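When a ligand or atom number is given, it counts from 1 through the structure's own listing order. Computed from heavy atoms alone, side chains included, the values below leave out hydrogens, waters and symmetry copies. Here the structure is a predicted model, which is why all the values come from computation and not from measurement.
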Amino acid sequence: VRIFSGIQPTGRKHLGNYIGAIRQWVEHQDRGDPAIYCIVDLHALSLPYDPPELRTGLYDLLALLLAAGLEPEGSVLFRQSDVHEHTELTWMLSAVTAVGELNRMHQFRDKSVGQRELVSAALLYYPVLQAADVLAYRAHEVPVGEDQREHLELMRDVARRFNARFGEDILVVPEHRIPEIGGRIMDLQEPANKMSTTGGTAEGTVLVLDDPATIEKKIKRAVTDSGSDIVRAPDKPGVTNLIDILAVARGVAPHAVEQEMRSARGYGDLKAATAQAVIEMLAPVREGYAELRGDEQRLEAILAAGAEKARAMARETLSDVRDAMGVGPPRR
Ligand code: TYM
């Protein structure tokens with residue numbers, strides 16, 4: 001199967017990004033034919049940003065991904081803006097995308113209300129560029145967290161509509177792969193909301209690069225629920241979140257955690273075990289990052305090699321798309 005996923009360029013990636021996405025990317029990279037992972041710098045232009053920070057954030061993230069275990073030789077790891085086919089295909093796909101659908105996207109609604117100066121057209125177009133990312137590679141499978149479900153649905157609609165209009169089998173209609181456990185890690189302080197560096201609380205957001213003492217403090221101060229049973233339940237979002245995090249960090253099923261915690265003296269034991277497991281899971285990433293981040297020339301070389309592989313694949317799709325749409329000279 002051809003796997004594709006993307007991630008926004010910042011080193012401030014959190015435990016939700018790690019569990020919901022990065023970990024799956026690493027785990028499934030060998031199954032991909034190939035696995036294609038893209039750092040989406042163009043998506044970052046849709047909200048106010050600082051140009052020098054965009055570059056440093058990109059290096060931060062690349063070093064983090066490599067430290068997490070992504071292998072740039074076996075997979076395709078690249079920077080979105082290096083492959084111009086993404087922006088070209090965005091325009092092509094916009095011809096079969098309804099403005100009304102874009103307007104109704106939850107992310108657009110949530111993010112546009114926060115903008116004081118300008119709600120950019122880029123913010124509205126965000127899901128079209130995301131569709132182009134995946135469809136340019138005719139990818140079958142897209143590993144993401146739960147919050148991307150709506151974007152994936154739109155992408156599938158766009159691909160179907162494109163094929164219906166311009167020719168069956170030109171684009172592949174991709175499937176999402178959302179993990180059953182850990183697809184939506186919640187804020188530790190406000191467990192009704194997802195963990196997020198933009199919308200969440202600082203105290204309730206564990207960063208992948210946080211030092212062990214900070215991780216321990218954040219998890220030990222996590223908001224839990226009334227009662228004392230350590231079980232997953234809809235009325236126990238805080239405890240459920242900790243159980244899920246612990247289960248994923250240990251690589252076991254949530255019910256195994258529940259079983260083990262039957263003899264616990266209270267939520268304190270659950271928090272201590274979770275903090276320990278998360279620290280152990282993230283330690284190698286933090287250490288690897290410190291080693292890799294300094295050599296920006298090497299990081300650029302990795303991106304350049306990735307872009308070359310990506311471009312070759314995207315070019316084939318664009319050639320078919322242009323031909324089917326009647327754009328440019330006829331293909332012989
Ligand atoms: P980004 O960078 O916001 O997030 C990267 C990945 O992390 C997942 N995620 C979470 N998973 C579990 N719990 C959470 N609290 C949590 N928060 C974030 C996201 O679902 C995502 O998988 N639009 C995308 C980037 C993108 C993309 C693509 C993804 C651009 N093009 C093509 C897939 C395919 C985004 O903003 O990711």
Side-chain angles (χ1 to χ4, degrees), residues 2-26 28 35-47 57-58 60-62 64-65 68 76 78-81 83 86-87 89-90 93 105-108 110-111 122-123 125-137 139-156 158-159 174-201 204-208 237 240-241 244-245 248 310 314:
R2 189 168 279 188
I3 299 174
F4 185 101
S5 197
I7 187 164
Q8 298 233 29
T10 140
R12 294 176 50 77
K13 287 292 155 185
H14 55 73
L15 190 58
N17 299 132
Y18 187 79
I19 290 177
I22 298 170
R23 207 178 46 99
Q24 329 277 341
W25 291 16
V26 174
H28 291 273
I36 308 165
Y37 300 128
C38 180
I39 302 179
V40 297
D41 55 345
L42 296 176
H43 275 110
L45 314 189
S46 58
L47 290 174
L58 196 135
D60 293 346
L61 175 60
L62 177 57
L64 189 155
L65 293 174
V76 180
F78 75 107
R79 172 169 53 202
Q80 186 184 37
S81 62
V83 181
H86 292 234
T87 41
L89 186 57
T90 300
L93 296 178
M105 291 277 118
H106 286 110
Q107 182 178 298
F108 177 67
D110 295 347
K111 298 231 157 132
L123 194 58
Y125 256 55
Y126 185 111
V128 192
L129 178 58
Q130 182 163 346
D133 292 340
V134 175
L135 301 180
Y137 299 89
H140 308 105
E141 190 177 297
V142 187
V144 283
E146 182 64 47
D147 62 352
Q148 297 299 314
R149 189 183 286 274
E150 199 179 35
H151 286 156
L152 263 292
E153 281 310 313
L154 179 92
M155 181 185 300
R156 289 165 54 82
V158 166
E175 309 274 345
H176 61 67
R177 196 183 68 232
I178 299 173
E180 225 168 286
I181 304 296
R184 191 173 171 85
I185 297 297
M186 310 309 271
D187 188 291
L188 298 174
Q189 288 299 315
E190 293 174 354
N193 303 327
K194 70 170 180 188
M195 189 177 284
S196 150
T197 32
T198 45
T201 68
T205 304
V206 172
L207 300 181
V208 175
T240 301
N241 194 35
D244 287 359
I245 293 171
V248 169

Open item on the list: By the definition side chain to side chain contact (heavy atoms under 4.5 Å, CB included), identify the one residue from Leu45, Asp41, Leu58 that meets it with Ser81.
Closed with: Asp41
Open item on the list: Do His43 and Gln8 pair up side chain to side chain, a donor and an acceptor below 3.5 Å, judged on atom types alone?
Closed with: no
Open item on the list: Side chains of Asn193 and Glu190: any donor to acceptor distance under 3.5 Å?
Closed with: yes
- [ ] Taking atom CZ of Arg2 as the centre, report whether more than 12 heavy atoms of other residues, nucleotides or ligands fall under 6.0 Å from it.
- [x] yes
Using a 3.5 Å cut-off on N/O to N/O, what pairs does ligand 1 make with the protein? A line per pair would be great.
from, atom 1, to, atom 2, distance (Å)
ligand 1, 2 (O), Gln8, N, 2.9
ligand 1, 2 (O), Lys13, NZ, 2.9
ligand 1, 4 (O), Asn17, ND2, 3.3
ligand 1, 7 (O), Asn17, ND2, 3.0
ligand 1, 11 (N), Gly16, O, 3.1
ligand 1, 13 (N), Ile185, N, 2.8
ligand 1, 15 (N), Ile185, O, 2.8
ligand 1, 15 (N), Met195, O, 3.1
ligand 1, 20 (O), Gly145, N, 2.9
ligand 1, 20 (O), Asp147, OD1, 2.4
ligand 1, 22 (O), Gly145, N, 3.2
ligand 1, 23 (N), Tyr126, OH, 2.8
ligand 1, 23 (N), Gln130, OE1, 2.9
ligand 1, 23 (N), Gln148, OE1, 3.2
ligand 1, 31 (N), Asp133, OD2, 2.7
ligand 1, 36 (O), Gln8, NE2, 3.4
ligand 1, 36 (O), Tyr126, OH, 2.9

Open item on the list: Regarding Tyr137 and His86, do their side chains bring together a donor and an acceptor under 3.5 Å, going by distance alone?
Closed with: yes
Task: Pairs flagged by salt bridge (Lys or Arg N to Asp or Glu O under 4.0 Å) wherever residues 142-152 is involved - sequence neighbours left out - done: Glu146-Arg149, Asp147-Lys194
